[in-house]
**Student:** 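Take a look at this one; I'll ask things after.
No experiment lies behind these values; they were computed from the predicted model shown.
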Amino acid sequence: MEKANFVDYIRVFCKSGKGGAGSMHFMRTKFNAQAGPDGGDGGRGGHVILRGNSQLWTLLHLRWHKNLLAEDGENGSGDNCTGRFGKDIIIEVPLGTQARDEETGEVEAEILHDGQEVIWLPGGQGGKGNAFFKSPTNQTPEYAQPGMPGREGWKVVELKVLADVGLVGFPNAGKSTLLSTITAAKPKVADYAFTTLTPQLGMVEYRDNKSFCIADLPGIIEGAHEGKGLGHRFLRHIERNSVLLFLIPADSADHKKDFEVLVNELEQYNPELLDKQFLLAISKSDMLDEELKAAIAEELPEGVPHVFISSVTNQGLTELKDILWEALNKPVESKNSESAE
């Protein structure tokens with residue numbers, strides 16, 4: 001059954017706390033009615049904090065919390081008492097979450113590690129009490145600072161799934177079947193288009209107890225960057241993958257053209273995706289003989305490693321894992337060093 005509760009985009013209203021006002025107070029004792037200023041500082045307003053949680057996979061828990069309001073700081077008081085700090089709001093989010101301002105689109109925070117905390121909206125600073133302003137030339141200051149206001153606004157919290165390998169292909173290319181074969185994931189598999197409506201993750205077991213994460217993304221069709229099919233909604237998840245594995249079925253009429261269409265959709269969405277490493281797998285290859293494989297190999301794009309696989313017969317899956325592992329552990333070459341050469 002599909003994860004109907006997969007939520008990767010949430011719009012929320014956030015407001016950090018206002019700082020408490022400083023106190024204007026003068027000490028009066030039994031023996032000294034003018035003992036001097038003793039007004040304390042106001043407390044800081046509460047922060048709005050993002051915290052990474054590796055046990056979360058979606059933003060579903062934020063769907064029913066559209067207003068995230070931190071507590072205001074308390075005012076200072078006499079006897080140099082500082083006001084209590086406002087209580088912080090801590091928002092736990094899955095790894096790979098970006099937070100940005102809705103109006104400007106500016107990315108304000110990004111969570112990539114478990115337990116990572118980022119102060120998203122800092123609380124307002126508390127005002128200084130009149131005791132702070134006491135000096136030899138101003139022994140009775142009759143003023144104190146007000147608290148600084150907090151920050152507020154409509155924000156967007158967006159999840160981009162973290163995975164080492166992303167599966168890219170047209171609907172019914174065999175992505176879900178491959179994922180269910182090489183991992184323990186149980187994505188929906190059916191003989192009609194768009195069976196995968198949300199990203200599915202799985203861990204691939206490799207040699208010597210090594211493993212890597214692979215993501216099955218909803219099928220892409222021509223014009224996806226313009227909103228066709230499932231549109232570009234899930235293309236954002238590809239930005240997190242270091243390796244992209246293109247799946248093209250063996251019964252395709254033109255394998256090279258299909259590959260070019262997929263690459264063009266990625267380029268139209270974000271040209272930086274072309275800097276990632278591409279691998280090509282011809283799925284459903286159990287229906288091909290050696291002569292057909294050789295003919296298909298000749299028309300495939302040059303410079304892109306390819307492998308013929310079949311998730312039904314497990315043909316080529318070991319070789320596929322080897323190629324993926326090698327690609328993931330390939331040293332990163334600096335473009336600056338290449339240009340210098």
**Student:** Quick check: does any side chain N or O of His61 sit under 3.5 Å from a backbone N or O of Glu92, one acting as donor and the other as acceptor?
**Tutor:**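 Pair found, side chain donor or acceptor close to backbone of Glu92.
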**Student:** Side chains of Val263 and Leu274: closer than 4.5 Å at any heavy-atom pair?
**Tutor:**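 With C-beta onward as the side chain, the pair touches.
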**Student:** Checking salt bridge (charged side-chain N to carboxylate O under 4.0 Å, His left out) for the pair Lys134/Asp38: CA distance, chi angles, key distance, verdict?
**Tutor:** CA-CA 9 Å; Lys134 180 181 177 181; Asp38 67 343; over 6 Å; no
**Student:** Lys175 side chain to Phe170 main-chain N or O, any donor-acceptor pair under 3.5 Å?
**Tutor:**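 The answer is yes, because a donor-acceptor pair under 3.5 Å joins these two groups.
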**Student:** Work out which heavy atom in His47 is nearest to a heavy atom in Pro122; give both atom names and the distance.
**Tutor:**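 Answer, listing the atom of His47 first, then Pro122: ND1-CA, 3.3 Å.
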**Student:** Using 30° and 60° as the class boundaries, would you call the ring planes of Phe246 and Phe278 parallel, tilted or perpendicular?
**Tutor:**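 Ring orientation of Phe246 relative to Phe278: perpendicular.
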**Student:** Do Leu121 and Leu68 have side chains that get closer than 4.5 Å, going by heavy atoms?
**Tutor:**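 No - every pair of side-chain heavy atoms lies 4.5 Å or more apart.
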**Student:** Does Asp289 reach the main-chain N or O of Glu291 with its side chain, forming a donor-acceptor pair under 3.5 Å?
**Tutor:**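 Side chain of Asp289 to backbone of Glu291: a pair is present.
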**Student:** Quick one: does Thr318's side chain get under 4.5 Å of Arg207's, heavy atoms only?
**Tutor:**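 Of all side-chain heavy-atom pairs linking Arg207 with Thr318, at least one is under 4.5 Å.
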**Student:** Just verifying a value: how many Å separate Ile111 CD1 and Leu50 CG, rounded to the nearest 0.5 Å?
**Tutor:**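 One finds 5.0 Å between CD1 of Ile111 and CG of Leu50.
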**Student:** Using a 6.0 Å cut-off, check whether atom CD of Glu299 has over 12 heavy atoms from anything other than its own residue.
**Tutor:**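 Buried by this count: over 12 neighbours within 6.0 Å.
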**Student:** Would you indicate whether Lys87, at its atom NZ, is surrounded by more than 12 heavy atoms from other residues, nucleotides or ligands within a distance under 6.0 Å?
**Tutor:**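 No, NZ of Lys87 has 12 or fewer neighbouring heavy atoms, counting only those of other groups under 6.0 Å.
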**Student:** Identify the two heavy atoms, one from His255 and one from Leu300, that lie closest to each other, and give their separation to 0.1 Å.
**Tutor:**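 Distance-wise, the nearest heavy atoms are CB-CD2, 3.9 Å.
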**Student:** Between Lys15 and Asp72, does any NZ, NE, NH1 or NH2 come within less than 4.0 Å of an OD or OE carboxylate oxygen?
**Tutor:**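 Salt bridge flag = no for Lys15 with Asp72.
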**Student:** So how far is it from Gln315 CD to Glu319 CD, rounded to the nearest 0.5 Å?
**Tutor:**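 One finds 9.5 Å between CD of Gln315 and CD of Glu319.
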**Student:** Is atom CD of Glu102 surrounded by more than 12 heavy atoms (other residues, nucleotides or ligands) closer than 6.0 Å?
**Tutor:**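 Yes, because the 6.0 Å sphere around CD of Glu102 holds more than 12 heavy atoms from other groups.
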**Student:** So Asp164 and Val243, side chain to side chain contact (heavy atoms under 4.5 Å, CB included) or not? Walk me through it.
**Tutor:** CA-CA 6 Å; Asp164 300 308; Val243 174; over 6 Å; no
**Student:** I need the Cys81 SG to His25 NE2 distance, nearest 0.5 Å.
**Tutor:**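 The NE2 atom of His25 is 9.5 Å from SG of Cys81, to the nearest 0.5 Å.
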**Student:** Would you please test Tyr206 and Asp322 for side chain to side chain contact (heavy atoms under 4.5 Å, CB included) and show each step?
**Tutor:** CA-CA 8 Å; Tyr206 193 59; Asp322 291 338; 2.7 Å; yes
**Student:** Would you name the heavy atoms of Lys321 and Val204 that are closest together and state the gap between them?
**Tutor:**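 Looks like CE-CG1, 3.9 Å.
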**Student:** Would you name the heavy atoms of Leu159 and Leu59 that are closest together and state the gap between them?
**Tutor:**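 Smallest interatomic distance, heavy atoms only, reads N-CD1, 4.0 Å.
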**Student:** Are Glu103 and Trp154 close enough that some pair of their side-chain heavy atoms sits under 4.5 Å apart?
**Tutor:**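 Answer no - side chains too far apart.
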**Student:** Is the backbone of Asn241 close enough, under 3.5 Å, to the side chain of Lys276 for a donor and an acceptor to pair up by distance?
**Tutor:**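 Yes.
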**Student:** Using the rule that two of Ile, Leu, Val, Met, Phe, Trp, Tyr join whenever any of their side-chain heavy atoms come within less than 4.5 Å, decide whether Ile49 and Ile10 are in one cluster.
**Tutor:**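 Unlinked, Ile49 and Ile10 end up in two clusters.
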**Student:** For the pair Ser135 (side chain) and Asn138 (backbone), establish whether a donor and an acceptor sit closer than 3.5 Å, ignoring hydrogens and angles.
**Tutor:**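 At least one qualifying donor-acceptor pair exists.
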**Student:** Could you walk me through whether Leu112 and Leu95 pass the side chain to side chain contact (heavy atoms under 4.5 Å, CB included) check?
**Tutor:** CA-CA 5 Å; Leu112 300 176; Leu95 308 187; over 6 Å; no
**Student:** Identify whether the distance between the nearest side-chain nitrogen and carboxylate oxygen of Arg84 and Glu71 falls below 4.0 Å.
**Tutor:**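 Looking at Glu71 together with Arg84, the answer is yes, because their closest N to O distance falls below 4.0 Å.
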**Student:** Would you mind reporting whether Thr181 and Asn314 have side-chain heavy atoms less than 4.5 Å apart?
**Tutor:**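 Asn314 vs Thr181: side chains touch.
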**Student:** Kindly determine whether Ser252 and Asp258 satisfy side chain to side chain donor-acceptor pair (under 3.5 Å), including the steps that lead there.
**Tutor:** CA-CA 8 Å; Ser252 169; Asp258 286 352; 2.4 Å; yes
**Student:** Is there a side chain to side chain contact (heavy atoms under 4.5 Å, CB included) between Glu267 and Asn264? Walk through the geometry before answering.
**Tutor:** CA-CA 5 Å; Glu267 182 180 14; Asn264 180 63; 4.3 Å; yes
**Student:** Hey, is the main chain of Glu272 close enough, under 3.5 Å, to the side chain of Asn270 for a donor-acceptor pair?
**Tutor:**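 Flag set: sc Asn270 to bb Glu272 pair under 3.5 Å.
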**Student:** Between Ser311 and Thr177, what is the shortest heavy-atom contact and its length?
**Tutor:**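 Heavy atoms of Ser311 and Thr177 come nearest at CB-CG2, 3.6 Å.
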**Student:** When hydrophobic residues are tied together by side-chain contacts of less than 4.5 Å, even through go-betweens, does Leu56 share a cluster with Val118?
**Tutor:**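 In one cluster: no.
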**Student:** Could you tell me the separation between the NZ atom of Lys66 and the CZ atom of Arg11, rounded to the nearest 0.5 Å?
**Tutor:**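 One gets 7.5 Å once the value is rounded to the nearest 0.5 Å.
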**Student:** Is there a side-chain contact between Leu324 and Gln277 in this structure, where contact means two heavy atoms from C-beta onward sitting under 4.5 Å apart?
**Tutor:**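 With C-beta onward as the side chain, the pair stays apart.
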**Student:** Would you check if the side chain of Asp41 reaches a backbone N or O of Thr82 as a donor-acceptor pair within less than 3.5 Å?
**Tutor:**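 A pair under 3.5 Å: no.
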**Student:** Could you state whether Ile119 and Ile91 fall into the same hydrophobic cluster, counting links through intermediate Ile, Leu, Val, Met, Phe, Trp or Tyr residues with side-chain heavy atoms under 4.5 angstrom apart?
**Tutor:**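 They do not share one cluster, since no chain of ILVMFWY contacts under 4.5 Å joins Ile119 to Ile91.
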**Student:** Shared ILVMFWY cluster between Ile90 and Val157, side chains joined below 4.5 angstrom?
**Tutor:**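 No, Ile90 does not connect to Val157 through the hydrophobic network.
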**Student:** Quick one: does Ser211's side chain have a donor or acceptor within less than 3.5 Å of a partner on Glu205's backbone?
**Tutor:**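 Checking the backbone N and O of Glu205 against the side chain of Ser211, no donor-acceptor pair under 3.5 Å is found.
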**Student:** Do you reckon Met24 sits in the same ILVMFWY cluster as Met27, going by side-chain contacts under 4.5 Å, direct or chained?
**Tutor:**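 No, Met24 and Met27 fall in different hydrophobic clusters.
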**Student:** Could you tell me whether the side chain of Ser16 and the main chain of Val48 form a donor-acceptor pair under 3.5 Å?
**Tutor:**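 Flag not set: sc Ser16 to bb Val48 has no pair under 3.5 Å.
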**Student:** With a 3.5 Å distance limit and no angle check, can you tell me whether Asp101 reaches the backbone of Glu106 through a side-chain donor-acceptor pair?
**Tutor:**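 No, because the side chain of Asp101 does not come within donor-acceptor range (under 3.5 Å) of the backbone of Glu106.
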**Student:** Taking C-beta and beyond as the side chain, do Leu320 and Leu245 meet within less than 4.5 Å on heavy atoms?
**Tutor:**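 Yes. Closest side-chain heavy atoms under 4.5 Å.
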**Student:** Would you give the length of the straight line joining atom CG of Leu328 to atom NZ of Lys210, rounded to the nearest 0.5 angstrom?
**Tutor:**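 Leu328 CG to Lys210 NZ: 12.0 Å, rounded to 0.5 Å.
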**Student:** Search all heavy atoms of Lys293 against all heavy atoms of Phe308 and return the closest pair with its distance.
**Tutor:**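 Result for this residue pair: O-CZ, 3.4 Å.
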**Student:** In the structure I gave you, are the side-chain heavy atoms of Leu178 and Ser283 within less than 4.5 Å of one another anywhere?
**Tutor:**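 They are not in side-chain contact.
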**Student:** If you round to the nearest 0.5 Å, how far is CG of Leu279 from CD of Glu326?
**Tutor:**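 So the CD of Glu326 and the CG of Leu279 are separated by 9.5 Å.
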